[in-house]
Amino acid sequence: MASQWTPGAVAALRQKEDLPFVRADASGDIVETNPRFDEVYGWQPGALIGQSLAAILPSSFREFHHAGFARFQLTESSKVVNHPLTLATVCRDGSELQSEHYIVAEKYADGSWSFAATLRPLEGPHASSGAASP
Amino acid sequence: MSAAPGQGELLAQLRQSLGLLQVAFDAATEAMLIVDPSGEVRWANQAAADLWSDGLAILLVGRRLEQLLDPIANRGGHPLALDAPGHPLHQLKAGDGGGVFELRGKVLRLEWRVIPEPGEGYQLLLARDLEPQEQALQLQRHFLNQLAHELHTPLAIVSGSLSRLQAKATELGQKSRLWLGQAREETSRLGRLITSLMALTDLDTGRRVLCLEPRLLAPWLRQWHSQQVVPEAAELELSIDPAAEAACIASDVQALEEVLAQLLDNSLRYGDGPAQIKLILRLRGDQLQLSWFDRGWGITTEPRAQVFERFVRLQEHRRPQQVDGAGLGLALASELISAMGGSLQLAPQVADQAGVEFVLFWPRLAD
């Protein structure tokens, strides 16, 4: 499934500055959010750094997220990357916003992984329309 | 002695175990869903995702079970409304169970089980394509069902003609009267066989769906008992434990009557002299139990449970002067009880005690 891990995919996604962006390391811990993400979902800049990606997922999705993430680490394949998915995202105040996620993964030369996603809010004051593109 | 793993290493081990489990579940051909007490999907494997969400399991999380099971049809292809008694949603309220359904363009065997571990109200739903043998069996059942229905009408015509001939029996010679008697007897036996076969295969193919409604069994049974007419000198006693008076079961009146009629016919048929039948209704934990005793010939041929199989007629019950049964009655009774969520069993044989004891169980409905 090497084709899923396009070199430079994370950097390409980060450049979409108009969209909320979040990046996690190989353990699934958040290592980066952009100001747009913090603004749309109400998080203080840096508040999510070091926390699991599960922090921005509704509680009912967390078991599935952990199982899927663990599965990915074994198989290096996933069906959720490289196409838009509508999922709920948890805001700082605990509310949930339906957002279109576009997730990518990238494997570096040293064997480490990085996962990133742009999120397009589909409801709330920052809601936008139109499909995401990589 | 090696040092104990640190927290990070332990986490990595746990993650690997979790990943392996998920890989294993995703490799299964059987679709699996865990549904939480609110009726929403909490976890799904890859086969479930392939069946319901274009291969993306994460999109199943949070979906409501009724969305996934609608539209659905029974194995005969008859659509089931969400509130229909035969709909899986209705049936899974009664606990573990399963059946064959048409869903998303496939004929699937669905099974549901209560999983008490995460907490009360969680259920596991399994769905799989029918095996080739099961598909063949389904076809065979449909064929038998059609055949039984096709044979029913001409047989009724033959039977009617024989009855009209019987009315003129005095005009016939002795031999002709004997042949007529045999023809009527055999036609009658064939009629019972066809009727039982239709009833069984109607259940098999989903042509008949029981209409299950909450019912107090004790008063219904008392009324049924009062309406029975048994041969002279035969006894049919009913005893109801006070604790069973207020117990409710999910039942279909017609099916209940058919089951008891079958057991009664069985007790009257397979015994010498006037039948002595005793029924006792009791509450046993969360089940209602009806014991049906008779003092007939009993069942000793092993395995005794074969009497619930189709077309089984025990050699020990054959008498030259008596027309054989069709060998379908107890099979039908057992299927009807199962369709009501209960079971029909044989109690162990008691040494030196004549007769047989059938035990019917139904899950007691919550008050």
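Because only heavy atoms are used, hydrogens play no part in the values below, and waters and symmetry mates are left out as well, while side chains stay in. To find a chain, count down the sequence lines: A is the first, B the second, and so on, and within it residues start at 1. Since we're looking at a predicted model, the values are computed, not measured.
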Side chain, backbone, both or neither: which part of [X] has a non-hydrogen atom closer than 4.5 Å to chain A?
X: B/L20; answer: both
X: B/L18; answer: both
X: B/A12; answer: neither
X: B/I58; answer: both

Query raised in the report: How close do B/G19 and A/L74 get, heavy atom to heavy atom, and via which atoms?
Result: C-CD1, 3.4 Å

Requested in this report: Check A/F64 against B/A44 and note the closest heavy-atom contact, atom names and distance.
Outcome: CE1-O, 3.5 Å

Output the donor-acceptor atom pairs between chain A and chain B under 3.5 Å, with atom names and distances to 0.1 Å.
residue : atom : partner : partner atom : Å
A/S27   : O    : B/R15   : NH1          : 3.2
A/S27   : O    : B/R15   : NH2          : 3.1
A/E63   : OE1  : B/R42   : NE           : 2.9
A/E63   : OE2  : B/R42   : NH2          : 3.2
A/R71   : NE   : B/D26   : OD2          : 2.5

Requested in this report: May I ask you to check whether over 12 heavy atoms, not counting those of B/F143, lie within 6.0 Å of atom CZ?
Outcome: no

